[in-house]
Amino acid sequence: QVQLVESGGGLVQAGGSLRLSCVASGRTLRSYAMGWFRQAPGKEREFIAAISRSGGKTSYVDSVKGRFTISRDNAKNTVYLQMNSLKPEDTAVYYCAADRLVADLQVGYLPHEYDYWGQGTQVTVSS
C-alpha cells in the first residue's frame, strides 16, 4: 500500500509558477511509474504528465509541453511537477498517482492504469 500526499498548490497570477510535490509513504516509489492528473469542475480527470520508474522516460499532454516538467527523487520518495507560464485554463485540482504494474520506461496515460492516488491539491490561476 502506498499513501500519496500532494502539496504546493495555491493561487497564482497568469504567467506565474508553482511547484507541486507528491510525497509517498508506505513503500518506496522506485517500483512505481508516477503520473500527474488534474480535474477542473464539471470536467473529467485529465492526464498531465508521467514519469517512468527510473525517470528515464517522461510524457506530457500537448497543452503543457514546454511549460510543465515532471521529475522524481526516489531517494526522497517524492515526485515533482514544476509548472511555469501558468494560464487560467490550468486551474484545477491536481492529483498524483502511482502505477505499480508497469515495466521501466513505460508510463500510463489513463486514470484506470494507476493504483494509488493522492487527495489532490488546488491550483488556481487568475487572469
Side-chain angles (χ1 to χ4, degrees):
Q1 191 78 8
V2 175
Q3 293 79 43
L4 303 173
V5 179
E6 303 97 334
S7 62
L11 173 64
V12 64
Q13 288 188 333
S17 298
L18 286 173
R19 187 174 84 154
L20 306 184
S21 299
C22 173
V23 179
S25 61
R27 298 194 65 176
T28 176
L29 274 186
R30 296 178 188 274
S31 301
Y32 301 86
M34 299 298 295
W36 284 96
F37 290 75
R38 68 187 179 190
Q39 189 165 17
K43 295 188 176 181
E44 294 186 352
R45 193 162 295 191
E46 174 189 25
F47 169 81
I48 297 301
I51 187 166
S52 62
R53 286 160 50 188
S54 65
K57 176 182 173 67
T58 59
S59 186
Y60 301 89
V61 68
D62 285 347
S63 60
V64 307
K65 282 181 181 177
R67 300 189 299 123
F68 291 11
T69 303
I70 188 171
S71 62
R72 66 190 298 160
D73 185 339
N74 285 341
K76 294 183 178 180
N77 252 18
T78 303
V79 177
Y80 304 97
L81 185 67
Q82 177 67 45
M83 306 187 296
N84 299 328
S85 302
L86 282 161
K87 304 175 181 180
E89 52 263 43
D90 294 319
T91 295
V93 178
Y94 283 69
Y95 300 89
C96 71
D99 180 356
R100 63 186 173 92
L101 296 177
V102 65
D104 196 15
L105 299 181
Q106 291 185 354
V107 297
Y109 299 91
L110 299 174
H112 73 259
E113 297 180 89
Y114 288 80
D115 303 287
Y116 305 104
W117 292 82
Q119 83 290 347
T121 185
Q122 175 71 46
V123 171
T124 303
V125 185
S126 63
S127 57

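As the structure is a computational prediction, the values presented were derived from the model and not from experiment.
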So does Lys65 pair up with Asp62, basic N to acidic O under 4.0 Å? yes
[X] side, atom [atom1]; [Y] side, atom [atom2] - distance, nearest 0.5 Å:
X: Asn77; Y: Ser25; atom1: CG; atom2: OG; result: 8.0 Å
X: Ile48; Y: Cys96; atom1: CD1; atom2: SG; result: 13.0 Å
X: Gln82; Y: Arg19; atom1: CD; atom2: CZ; result: 7.0 Å
X: Glu44; Y: Gln39; atom1: CD; atom2: CD; result: 8.5 Å
X: Arg72; Y: Ser52; atom1: CZ; atom2: OG; result: 7.0 Å

Identify whether [X] and [Y] are in the same connected component of the hydrophobic contact network (ILVMFWY, side-chain heavy atoms under 4.5 Å).
X: Tyr116; Y: Val107; result: yes
X: Phe37; Y: Val23; result: no
X: Val123; Y: Tyr80; result: no
X: Leu29; Y: Trp117; result: yes

Measure across [X] and [Y] and return the closest heavy-atom pair with its distance rounded to 0.1 Å.
X: Val12; Y: Leu18; answer: CG1-CD1, 4.1 Å
X: Gly120; Y: Val93; answer: CA-CG1, 3.8 Å
X: Leu20; Y: Gly9; answer: CD2-N, 3.5 Å
X: Ala14; Y: Ser127; answer: CB-CA, 4.4 Å
X: Ile70; Y: Met34; answer: CD1-O, 4.0 Å
X: Lys87; Y: Val125; answer: O-CB, 3.2 Å

Paired with Phe47, the ring pair (Phe, Tyr, Trp, His ring centres under 6.0 Å) test is passed by just one of Tyr109, Tyr60, Phe68, Trp36, namely Tyr109
Ignoring hydrogens and geometry beyond distance, is a side-chain donor-acceptor pair present between Asn84 and Ser17 at under 3.5 Å? yes
Without hydrogens or angle criteria, can the side chains of Glu89 and Thr91 be said to hold a donor-acceptor pair below 3.5 Å? no
Show your working on side chain to side chain contact (heavy atoms under 4.5 Å, CB included) between Asn74 and Thr28 and close with a plain yes or no. CA-CA 8 Å; Asn74 285 341; Thr28 176; 5.7 Å; no
For side chain to side chain contact (heavy atoms under 4.5 Å, CB included), just list the numbers for Arg67 and Met83, CA-CA rounded to whole Å, side-chain angles, deciding distance to a tenth of an Å, and then say yes or no. CA-CA 6 Å; Arg67 300 189 299 123; Met83 306 187 296; over 6 Å; no
Over-ring placement of Arg45 relative to Tyr95, 6.0 Å and 45° cut-offs: yes
Would you say the side-chain atoms of Asp90 pair up with the backbone N or O of Thr124, donor to acceptor, closer than 3.5 Å? no
Determine which pairs satisfy salt bridge (Lys or Arg N to Asp or Glu O under 4.0 Å) with at least one residue from residues 95-117, sequence neighbours left out, and list them in order. Arg100-Asp115
Test Glu6 against Val79 for side chain to side chain contact (heavy atoms under 4.5 Å, CB included), laying out the working first. CA-CA 9 Å; Glu6 303 97 334; Val79 177; over 6 Å; no
